[in-house]
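Heads up, the thing below is written out as structure tokens.
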Amino acid sequence: MERKNKLVLFLLIVLVMGVAMFSGFGLTLFGGSEVEIVLPTPIPSGSGTGEGPGESGWVEDVRVTPETVQNVIATLARPENYSRTVTVEMAAGEDRTGTYTASVLVDGAWTSVWLDHDAYRSVGEQRTILYLDPETGEGTLYRWYGTGGEVVSWPVERGEDDLTQHIPTYEDVLELEQDAIAAAGYEEKGGLACIYVETGEDALGYVEKYWVSVDSGLLVCAEQWKGEELTYRMTSYAVSTDRTLFGLTEFALPDGTVLAPEL
């Protein structure tokens with residue numbers, strides 16, 4: 001009887017060890033090290049699904065819907081260094097449209113914006129240099145007009161780098177109540193693969209639309225509509241990450257003071 005009990009105990013130990021080994025190695029064999037989200041190539045319009053080969057583990061088939069789009073956008077990240085030109089059109093009343101362009105240079109925590117706007121022609125270009133601490137999101141904005149205007153500065157917080165360009169901070173989409181999102185999907189915009197988000201009509205009758213590049217993580221187009229009237233549009237389809245285009249003069253005040261000596 002004692003030998004039989006020992007045999008049963010031995011078999012139980014072997015069974016437990018087998019389960020433990022399968023848990024440790026079986027999941028890696030069949031499931032990979034982690035679940036990887038792979039964004040698909042978009043169809044020209046509407047939403048869809050997509051899948052592709054991952055470097056490790058399972059590939060999760062990601063469908064962008066109003067319920068999932070915030071999670072998908074949260075996986076994107078802007079490049080640390082880039083330059084681009086942003087074009088903005090705004091309704092100016094009486095069927096008129098005002099336009100301006102912003103030449104934007106981003107180098108880590110520093111942003112330089114040259115703004116050319118109809119309203120600023122009498123005083124020249126608007127220049128802005130902005131620093132945001134990567135940890136705290138707080139910093140300082142420097143602004144002047146023309147080539148040698150008086151410089152004014154004030155403290156700012158994260159998001160001001162987009163507002164300086166007069167473009168939406170598209171990460172605000174992450175703060176929306178889910179029921180405020182009316183449509184979402186993958187779309188091609190300006191030849192780029194994008195995530196598309198459309199809000200429902202707000203209390204003032206406005207609808208907002210966003211296109212975020214899957215490749216760069218940057219907002220490449222945004223529109224605001226009121227009924228059938230387009231009240232705002234920004235576009236910026238071309239972006240360069242060539243670090244050799246950056247120079248210290250891009251982050252210097254009119255008197256030659258370089259604000260970003262560590263670059």
Side-chain angles (χ1 to χ4, degrees), residues 35-52 59-79 84 86-93 95-100 102 104 137 157-239:
V35 176
E36 180 181 356
I37 292 179
V38 177
L39 301 178
T41 301
I43 58 177
S45 62
S47 62
T49 63
E51 54 184 59
V59 173
E60 181 177 337
D61 185 18
V62 183
R63 179 183 293 275
V64 174
T65 67
E67 292 73 32
T68 65
V69 66
Q70 290 169 307
N71 292 333
V72 176
I73 288 179
T75 68
L76 302 179
R78 307 187 191 196
R84 66 174 181 166
V86 177
T87 301
V88 173
E89 306 168 68
M90 293 186 296
D95 297 325
R96 292 184 296 107
T97 301
T99 63
Y100 66 82
V104 182
E157 297 180 348
R158 184 176 286 116
E160 191 70 27
D161 46 345
D162 286 336
L163 297 178
T164 294
Q165 305 165 47
H166 299 286
I167 67 174
T169 300
Y170 80 82
E171 285 89 345
D172 285 347
V173 173
L174 302 178
E175 305 299 326
L176 290 173
E177 294 293 334
Q178 193 176 93
D179 58 8
I181 301 176
Y186 292 108
E187 288 192 5
E188 181 178 311
K189 191 71 170 178
L192 302 175
C194 295
I195 297 171
Y196 170 70
V197 186
E198 179 179 333
T199 67
E201 187 175 293
D202 64 18
L204 298 177
Y206 289 98
V207 170
E208 296 177 356
K209 302 179 182 182
Y210 302 85
W211 289 264
V212 183
S213 169
V214 169
D215 181 52
S216 69
L218 293 169
L219 181 73
V220 297
C221 183
E223 296 178 349
Q224 183 186 69
W225 292 79
K226 187 169 186 179
E228 299 298 318
E229 179 187 2
L230 178 65
T231 59
Y232 172 93
R233 176 189 286 137
M234 70 77 62
T235 53
S236 183
Y237 299 123
V239 59

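Since this is a predicted model, take the numbers as computed values, not measurements.
- With rounding to the nearest 0.5 angstrom, the OG1 atom of Thr199 is 12.5 Å from the OH atom of Tyr206.
- When all heavy atoms are compared, the tightest approach of Gln165 to Tyr100 is O-OH, 3.1 Å.
- Legend: side-chain hydrogen bond (donor to acceptor under 3.5 Å, both in side chains) pairs involving residues 174-185, not counting sequence neighbours: none detected.
- The side chain to side chain contact (heavy atoms under 4.5 Å, CB included) test applied to Thr235 returns Thr87, Cys221, Arg233, Tyr237, not counting sequence neighbours.
- Here Val212 pairs with Leu76, Tyr170, Leu219 under the side chain to side chain contact (heavy atoms under 4.5 Å, CB included) rule; sequence neighbours left out.
- Taking Thr164 as the reference, Val113, Thr128, Leu130, Leu141, Arg143, Glu160 meet the side chain to side chain contact (heavy atoms under 4.5 Å, CB included) condition, with sequence neighbours excluded.
- Summarising the local packing, CD of Glu157 is surrounded by 12 or fewer heavy atoms from other residues, nucleotides or ligands at distances under 6.0 Å.
- Interatomic distance, Ile195 CD1 to Thr75 OG1, rounded to the nearest 0.5 Å: 6.0 Å.
- Applying the salt bridge (charged side-chain N to carboxylate O under 4.0 Å, His left out) test to pairs two or more places apart or on separate chains, none has a residue in residues 197-212.
- Ring orientation note: the planes of Trp211 and Tyr196 are tilted relative to one another, at an angle of 30° to 60°.
- For Arg78, the salt bridge (Lys or Arg N to Asp or Glu O under 4.0 Å) partners are Asp162, Glu171, not counting sequence neighbours.
- In this structure the side chain of Ile73 reaches within 4.5 angstrom of the side chain of Val197, judged on heavy atoms.
- Across Ser216 and Pro79, no two heavy atoms sit closer than the pair O-CD, 3.1 Å.
- The two atoms that bring Gly185 and Val64 nearest to each other are N-CG1, 3.5 Å, heavy atoms only.
- Between the Thr231 side chain and the Lys226 main chain, no donor and acceptor come within less than 3.5 Å of each other.
- The shortest distance between side-chain heavy atoms of Glu89 and Leu230 does not fall below 4.5 Å.
- The heavy-atom pair separating Val69 from Ala184 by the smallest distance is CB-CB, 3.7 Å.
- For the pair Arg84 and Val220, the tightest heavy-atom approach, listed with the atom from each and the gap, is NH1-CA, 4.4 Å.
- Expressed to the nearest 0.5 Å, how far OG1 of Thr99 lies from CE of Met234 amounts to 14.0 Å.
- Rounding to the nearest 0.5 Å places OG1 of Thr65 at 9.0 Å from CG of Asn71.
- Closest heavy-atom contact between Leu176 and Gln70: O-NE2, 2.9 Å.
- With hydrogens and angles disregarded, no donor-acceptor distance shorter than 3.5 Å links the side chain of Tyr186 to the backbone of Val214.
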